[in-house]
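One structure is given below, encoded as structure tokens.
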Amino acid sequence: MRRAVKFGVVIFPGSNCEQDVIHATRLLGYQSEYIWHGDTDLRGFDAIVLPGGFSYGDYIRTGAVARFSPVMAEVARFAEKGGPVLGVCNGFQILTEAHMLPGALLRNRGLKFICETVPLRVERSACQWVDLAEGAVVNIPINHNEGNYICDAETLARMEDKGQIVLRYCEPDGTRAPGGSAPNGAFDDIAGVCNERGNVFGLMPHPERVCDADANGTDGRPFFTSIAALLAGLAG
Amino acid sequence: MARYEIFVTYKKGIFDPPGATAERALANLGYDEIESVKIGKYIQLEVADGPDALGRVREMCDKLLANPVIEEYRIQADEKDW
């Protein structure tokens, strides 16, 4: 019998969403285990998740210190070999600091910490973590102070071309407001991006918080089920 | 020992939310002459003497103290006591 897909959830000092990811992935029937940021052995894991939180107190810049944790060199190697890596919120910030994803995350435009469920539009992308139809709208909570995505125009054009824009903030009907729909001021309403290959994905919203039907809804499930289905297909 | 002061600011074209807020606040206080405010970081380093000290400080900035995607920095050697 084929074993279940196994997620590894990295804990940095200051991570605080790792239990949510463990709960969500186990609820969906997968295996998942914690990985301490000082560990360097990723053998046995099929996908790696960098969870949300405030690694190293967000000092210097969000994610700037965590990207040098011992585990990160292994996560980079894992990704280079095509292994799927997901960064949620602080995990996304760590991936941009590690230059595993383009751009950077600045302080929210309104200087306010934002905690609310927001509509997101699924774009046509190369991302292996999403198998939803282009234009689908999912409602997922955001919970951050530095989610204001920025990159230069040249990078944006390249990402559009390669299908690296995965999710955009939008209005409830999936349209984008002329003045922008991003509550945090993100450039071009960008909420989530992937690398060219599509195996490394970072997003500010928290899909793991909307996987349990008894709490908040299930709009976050497709992100975990699609990568698991892909991995199972590869193994099968 | 050498002392270095490092000034980290956003690159041109990168929106600086705290700077923009200070800019509006100063204008609201009646300082009509305000054209722009940028808020950055100031870092003091004390470094043991050694070969290529400045080069290594630059490396520290590129690697950790500043993010070249969004920020630029200026290093100033400082003689005075802190």
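In the text below, chain A, chain B and the rest are named by the order of the sequence lines, each starting its count at 1.
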Glu35(B) atom CD: more than 12 heavy-atom contacts under 6.0 Å: no

Residues, nucleotides or ligands: over 12 heavy atoms within 6.0 Å of Lys41(B) NZ: yes

Heavy atoms from other residues, nucleotides or ligands near CD of Glu160(A) exceed 12 (cutoff 6.0 Å): yes

Contact check, side chains of Leu111(A) and Pro18(B), non-hydrogen atoms, under 4.5 Å: yes

Atom CD of Glu154(A): over 12 foreign heavy atoms under 6.0 Å: no

Separation of Phe15(B) CZ from Arg107(A) CZ (nearest 0.5 Å): 11.5 Å

Atom OH of Tyr59(A) with >12 non-hydrogen neighbours under 6.0 angstrom: no

Flag if over 12 foreign heavy atoms under 6.0 Å of NZ, Lys38(B): yes

Spacing of NZ belonging to Lys11(B) relative to CG belonging to Asp152(A), to within rounding of 0.5 Å: 7.5 Å

Donor-acceptor contact present, side-chain Arg67(A) to main-chain Leu64(B), <3.5 Å: no

Segment of Phe68(A) engaging chain B (4.5 angstrom heavy-atom cut-off): side chain

Spacing of CZ belonging to Arg109(A) relative to OG1 belonging to Thr21(B), to within rounding of 0.5 Å: 10.0 Å

Most contacts with chain B, counted as non-hydrogen pairs under 4.5 angstrom, among Gly110(A), Ala64(A), Ala104(A): Ala104(A)

Chi angles and distances behind the side-chain contact (heavy atoms from CB on, under 4.5 Å) call for Asn67(B), His99(A): CA-CA 10 Å; Asn67(B) 178 352; His99(A) 308 301; 4.3 Å; yes

Chain A contact via Ile70(B) - which portion, at a heavy-atom distance below 4.5 Å: side chain

Heavy-atom proximity to chain B below 4.5 Å, by part of Ile60(A): both

